[in-house]
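Have a look at the structure below before the remarks.
For this chain, numbers begin at 1 and follow the sequence in order.
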Amino acid sequence: MIHNAETNLAYVMKGKQNKIVSMILKADLLATTLYGSIRTAETAWALADIGVGIMVWLNLIAILILGKPALITLKDYREQRKKGIDPVFSPGELGIQNADYWDEEYQHDQDKENVS
């Protein structure tokens with residue numbers, strides 16, 4: 001569990017190591033575990049429900065943000081399939097911004113495959 005939390009922390013902090021924040025995270029996880037072990041099951045379930053509720057809201061917000069680009073991409077995919085070509089995702093041509101992976105890493109991977 002601590003490994004997952006540290007991985008998430010590294011992602012949020014964009015790979016920067018911060019020992020103080022890491023120690024606070026570990027202390028928080030330890031305190032949470034201690035608190036959960038001495039409280040009633042009802043309290044634990046209530047906290048779990050709150051946590052799940054927060055995740056649901058965050059996912060709904062993400063769906064609303066990503067809905068338009070997803071629908072644009074789906075439409076482009078279907079049009080390419082109708083034309084009988086192998087669909088290729090090109091975010092720049094679709095007006096989708098901040099698709100860094102597809103603009104850089106994916107193209108780099110494709111170039112390496114074509115060389116092989």
Is there a donor-acceptor pair closer than 3.5 Å between any side-chain N or O of Thr43 and the backbone N or O of Arg39?
no
Answer yes or no: is there a side-chain heavy-atom contact under 4.5 Å between Val52 and Met55?
yes
Can you tell me how far CG of Leu47 sits from CD of Glu42, rounded to the nearest 0.5 angstrom?
11.0 Å
Atom pair CG (Leu66) and CD1 (Ile61), whose distance is rounded to the nearest 0.5 Å
11.5 Å
If hydrophobic clusters are built by linking Ile, Leu, Val, Met, Phe, Trp and Tyr wherever their side-chain heavy atoms come under 4.5 Å apart, do Ile72 and Phe89 end up in the same one?
yes
Measuring from atom CG of Leu60 to atom CG of Leu64, what distance do you get when rounded to the nearest 0.5 angstrom?
6.5 Å
Would you say Leu58 ends up clustered with Ile50 if hydrophobic residues are merged whenever their side chains have heavy atoms under 4.5 Å apart, either directly or through other cluster members?
yes
Could you grab the distance from atom NZ of Lys75 to atom CG of Leu94, nearest 0.5 Å is fine?
10.0 Å
For the CG atom of Asp28 and the OG1 atom of Thr32, what is their distance to the nearest 0.5 Å?
4.0 Å
Of all the heavy-atom pairs spanning Ser37 and Leu34, show the shortest one and how long it is.
OG-O, 2.7 Å
Contact summary for Gln80 and Pro87, nearest pair of heavy atoms
OE1-CA, 2.9 Å
Rounded to the nearest 0.5 Å, the CG atom of Asp76 sits from the CD1 atom of Ile96 at a distance of 8.0 Å
How is the hydrophobic cluster of Met23 composed, in terms of its other members, when Ile, Leu, Val, Met, Phe, Trp and Tyr link through side-chain heavy atoms under 4.5 Å apart, directly or indirectly?
none
